[in-house]
Number of protein chains: 2
Amino acid sequence: MGRTTLRDVAELSGFSVTTVSYVLNDIPGKRIPDSTKERVQAAAAQLAYTPNRLAQGLRRRRSDTIGFVGDHVATSPHAGQSIQGAQDAAAARGSILVLMNTGADEDLENREIRELRDRQVDGIVYAAEYHRVLTPPAALEGIPTVLLDARSTESGWSSVVPDEAGGAAAAVTELLEHGHRRIAFVNNEDDIPASSLRLDGVRQALAAADLALAPDMLTQHPSEARGGFLGALTVLDRPAHERPTGLFCFNDRMALGAYQAAQELGLRVPQDVSIVGFDNQELIAASLRPGLTTVALPHYDMGRWAVDTLMDSIDSTRKERPRYETLPCPLVRRGSVAAPPG
Amino acid sequence: MGRTTLRDVAELSGFSVTTVSYVLNDIPGKRIPDSTKERVQAAAAQLAYTPNRLAQGLRRRRSDTIGFVGDHVATSPHAGQSIQGAQDAAAARGSILVLMNTGADEDLENREIRELRDRQVDGIVYAAEYHRVLTPPAALEGIPTVLLDARSTESGWSSVVPDEAGGAAAAVTELLEHGHRRIAFVNNEDDIPASSLRLDGVRQALAAADLALAPDMLTQHPSEARGGFLGALTVLDRPAHERPTGLFCFNDRMALGAYQAAQELGLRVPQDVSIVGFDNQELIAASLRPGLTTVALPHYDMGRWAVDTLMDSIDSTRKERPRYETLPCPLVRRGSVAAPPG
DNA sequence: TCCAGCAGCCGAAACGTTTGGGCACTCGAT
DNA sequence: ATCGAGTGCCCAAACGTTTCGGCTGCTGGA
């Protein structure tokens with residue numbers, strides 16, 4: 001038994017396929033008496049008719065499907081949030097998300113994008129694993145696209161990224177407001193936008209309090225627990241009056257390392273040293289003792305924004321100018337910040 | 001400019017649409033001279049022709065698309081791995097994955113599954129967030145389906161779950177092989193398959209070494225860091241000769257709590273107490289000092305298996321009997337297990 | 001010379017929609 | 001009676017494939 005089609009509804013209701021289609025799609029121009037509408041709708045309901053979206057897509061030249069392309073779905077614990085945001089936004093507009101996890105290989109990536117285009121996706125969200133600057137794959141040429149968590153080297157591509165500097169400033173400001181004056185930044189050593197932008201944010205927040213970041217209050221290490229451990233050890237292992245009372249760490253994994261360093265030195269968090277992280281990785285931030293105060297990346301919001309602007313540009317007939325968005329990174333307070341000792 | 005179609009290739013090559021289709025699909029029955037094949041292929045290559053998959057799907061009554069339905073894409077840090085596995089398996093068979101993150105609401109879930117069916121997906125992977133027993137939503141009736149990380153209450157549904165007992169046994173065996181005799185299990189308190197199956201595994205492994213699990217060597221708490229902290233504290237806070245030298249924790253978050261408890265009591269890991277976790281959450285397991293020895297859940301493999309068996313059943317003409325699979329949970333060694341003290 | 005058989009190719013229908021164009025009525029005004 | 005303007009509905013083409021059932025024209029055997 002095949003699915004029920006428009007024809008079935010037409011036959012049952014006694015009208016033509018055309019009329020049924022008009023009624024079901026509620027075509028504005030056409031005037032159709034209520035009696036007809038009712039009979040058609042009754043027939044459709046009785047048969048539990050739903051349109052075949054493939055046929056619809058073929059005829060309408062629009063699949064109501066958008067592709068989500070990234071190389072990190074499997075690896076990043078945050079990918080899920082952007083996907084979720086993207087999906088919610090798509091659903092709200094009657095579309096659906098097709099996932100494509102590209103390998104590292106550029107050729108493969110282009111092939112996979114073309115595969116999506118063969119399937120007539122209406123547009124594509126190209127998601128980077130972490131905030132970076134990139135040049136979009138060639139296969140994206142000529143189809144509506146939005147970059148997520150990335151800026152393009154060339155202009156002309158809409159994109160959305162987190163407000164790294166603002167987030168970092170919020171973290172430092174939180175420390176300042178608790179009375180801290182000696183504040184260290186345990187930074188990542190990679191040369192990526194997040195490192196430099198967060199450093200900018202730290203400097204801005206300190207400057208706003210008439211403070212500056214002393215060279216011995218800045219360390220750079222690999223962005224994992226071990227790097228955080230080393231960085232924190234460097235700044236904390238000194239006499240109390242020279243020791244920072246507040247630590248801002250590049251991310252939560254490094255903050256975890258900072259906890260370990262503090263423990264190693266016999267310092268308590270937050271009584272002896274306050275710590276703020278970045279990323280809001282639930283798994284870590286909520287598990288630590290005390291809970292880690294940190295800054296959240298707006299993954300969900302970026303996903304939503306990406307799909308929303310993507311669909312705006314699909315819906316609009318003439319070509320829109322690209323949009324560039326920067327979304328805020330809110331502070332998430334837990335228990336790792338207190339007033340400085342003494 | 002529209003995409004290039006079969007017609008374009010036909011016109012350029014000088015053959016009919018039919019012939020072009022035969023050549024490009026390499027239809028077995030038809031005899032077509034090489035000269036023709038070459039001309040058609042040249043034309044197709046010149047125009048960079050690729051078929052419109054919507055039209056193809058409509059005609060073939062097969063979309064080469066499979067739906068991945070779950071309620072946890074956003075929340076679970078592991079979802080990505082199953083998705084990745086599913087996607088890899090799908091890609092290997094020329095299909096693509098459509099993601100659908102259902103809400104908690106059952107109605108919504110059914111609607112979303114129907115939406116997938118309207119889009120003519122060939123089959124559906126229904127993924128649970130954690131190992132459980134469930135009854136599949138009504139909307140899945142009549143379409144090839146595989147349950148991932150879940151068993152069905154009714155028979156007739158193919159499904160794949162992790163070998164919880166085997167994984168737990170491996171964890172305890174690892175401790176036994178390092179010479180531990182007093183081993184405690186810091187269990188989760190929820191009544192879910194994972195808790196009872198892992199407990200079974202613990203008992204089996206101990207029994208194989210002629211040991212039993214003493215009541216005071218088993219605790220049950222909420223499955224987060226705090227619960228692990230409490231559980232570990234309970235078993236560890238006693239005189240050394242009664243204290244377990246090895247701890248197996250329900251999951252890595254609880255293991256993290258156990259580290260905290262050990263620290264609280266002045267016990268070093270692994271010199272004074274060895275700890276094994278479950279889940280292999282990189283974020284935690286690799287960040288801890290020392291690194292956490294744990295048991296990995298086969299998310300990726302389950303994803304692959306689900307799609308593979310799904311596509312087997314789609315491809316086979318007659319209805320296959322359901323398959324039930326249990327995949328192994330391998331031990332991942334890091335640094336938290338050593339010989340017991342003394 | 002005829003015809004069967006076959007290699008090589010193609011027309012047209014079908015998949016399930018949407019939609020431009022138009023037909024057959026009715027009704028009120030002339 | 002005739003006309004014009006609506007109203008209510010429908011035919012048929014189109015979207016881009018696949019595939020059934022042929023149709024040609026050549027070859028070779030009788």
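In what follows, chains carry the letters A, B, and so on, assigned in the order in which the sequence lines appear, proteins first and then strands, with residues in each chain numbered from 1. Since the model is a prediction, treat every value here as computed from it, not as a measurement.
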Gap between atoms CG and P, on A:L24 and C:dT19 respectively (whole Å): 14 Å

Option passing side-chain contact (heavy atoms from CB on, under 4.5 Å) with B:Y126 (candidates B:V146, B:T102, B:L147): B:L147

Nearest-neighbour nucleotide for the B:R31 side chain, C:dG8, D:dT19, D:dT17 considered: C:dG8

Test item: A:T153 and A:L134 side chains (from C-beta on) under 4.5 Å apart, heavy atoms: no

Phosphate contact (D:dC15 OP1 or OP2) by A:R62 side-chain N/O below 4.0 Å: no

Protein-to-nucleotide contact annotation, 5' to 3' order, nucleotides 20-25 of chain D [B base; S sugar-phosphate only; - none; under 4.0 Å, heavy atom]: BB----

Polar atoms only, N or O, under 3.5 Å: list the protein pairs with nucleotides 23-26 of chain C and their distances.
none

Rounded distance (Å) that lies between atom P of D:dC15 and atom CD of A:Q120: 13 Å

Flag if over 12 foreign heavy atoms under 6.0 Å of CD, A:E106: no

Phosphate-side-chain proximity, B:S16 and C:dC10, N/O vs OP1/OP2 below 4.0 Å: yes

Among D:dT17, C:dT17, C:dC9, the nucleotide that comes nearest once only the side chain of B:A55 is considered: D:dT17

Minimum-distance nucleotide to B:T5 side chain [options: D:dG16, C:dC9, C:dC15]: D:dG16

B:T65 and A:R119: side chain donor to acceptor below 3.5 Å: yes

B:T19 side-chain N/O to C:dC9 phosphate OP1/OP2 under 4.0 Å: no

B:S16 (side chain) donor-acceptor with B:T19 (main chain) under 3.5 angstrom: yes

Nearest-Å distance for atom pair CG/P, residues A:L54 and D:dT17: 14 Å

Nucleotide of D:dT17, C:dT17, C:dG8 approaching B:P33 most closely (side-chain heavy atoms): C:dG8

Under 4.0 angstrom between A:N52 side-chain N/O and C:dC15 OP1 or OP2: no

Between B:Y49 and B:Q41, a side-chain donor and acceptor under 3.5 Å: no

Under 3.5 Å donor-acceptor, A:R93 side chain and A:D308 backbone: yes

d(CZ, A:R61; C1', C:dT19) in whole Å: 14 Å

Spacing between A:D64 atom CG and C:dG16 atom P, to the nearest angstrom: 19 Å

Interatomic distance where CZ belongs to A:R53 and C1' belongs to C:dT17 [whole Å]: 12 Å

Check: B:R323/B:T309 side-chain N/O donor and acceptor closer than 3.5 Å: no

Closest to the A:L58 side chain, choosing from C:dT17, C:dC10, C:dG16: C:dG16

Side-chain (B:N25) to main-chain (B:I27) donor-acceptor, under 3.5 angstrom: no

Length of the NZ-P vector between B:K37 and C:dG8, whole Å: 10 Å

hbond_proxy A:R59 side chain to C:dT17 base (donor-acceptor, 3.5 Å cutoff): no

Presence of B:R60 side-chain N/O under 4.0 Å of D:dT18 phosphate oxygens OP1/OP2: yes

B:D122 (side chain) donor-acceptor with B:D64 (main chain) under 3.5 angstrom: yes

Geometric cation-pi criterion A:R304 and A:Y300, 6.0 Å radius, 45° cone: no

Protein-nucleotide distance (B:I27, atom CD1; D:dT17, atom P), rounded to Å: 14 Å

Nearest-neighbour nucleotide for the B:F15 side chain, C:dC10, D:dT18, C:dT17 considered: C:dC10

Under-4.0 Å side-chain N/O to phosphate OP1/OP2 contact, A:Q56 with C:dG16: no

Phosphate contact (C:dT17 OP1 or OP2) by A:R7 side-chain N/O below 4.0 Å: no

